[in-house]
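Report on the following structure.
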Amino acid sequence: MGRALMAVLPPFNFLTLHYIYFIATCLGSSVVLYLTSTPWQSVAYVDAVFLCVSAMTGAGLNTVCC
């Protein structure tokens, strides 16, 4: 069981840790943005994810306005 799991998972190195950091930060911050939007649920969760990933990667894409 352990060898089969290790064969599927990527090696644990800096790049894998970097991917985990980016994904976790984007998802965590999108949840915070979604839950703190006022009035309640004025920002859809998909828009929150898009905005947070755009901010994290420096893409500069912004589709949610005030």
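All residue numbers in this chain count up from 1 along the given sequence. Everything numeric here is computed off the predicted structure, so don't read it as measured data.
Among all heavy-atom pairs drawn from Leu33 and Cys52, the shortest one is CD2-SG, 4.1 Å. The two atoms that bring Ala48 and Val43 nearest to each other are N-CG1, 4.0 Å, heavy atoms only. Residues Thr57 and Phe22 share a closest heavy-atom pair of CG2-CE2, 4.4 Å.
Here Tyr19 sits in one hydrophobic cluster together with Leu15; the rule is ILVMFWY side chains under 4.5 Å apart, joined directly or through other members. Grouped by direct or indirect side-chain proximity (heavy atoms under 4.5 Å, Ile/Leu/Val/Met/Phe/Trp/Tyr only), Phe14 sits alone. Counting side-chain heavy-atom gaps under 4.5 Å among Ile, Leu, Val, Met, Phe, Trp and Tyr, the cluster of Leu17 also holds Phe12.
Here the straight-line distance linking atom CE of Met56 with atom CD1 of Ile23 works out to 10.5 Å at 0.5 Å rounding.
Annotation: side chain to side chain contact (heavy atoms under 4.5 Å, CB included) contacts of Leu35 (sequence neighbours excluded): Val31, Trp40. Partners of Ser30 under the side chain to side chain donor-acceptor pair (under 3.5 Å) rule, at least two apart in sequence or in another chain, are Tyr45. Partners of Ser37 by side chain to side chain donor-acceptor pair (under 3.5 Å), not counting sequence neighbours: none found.
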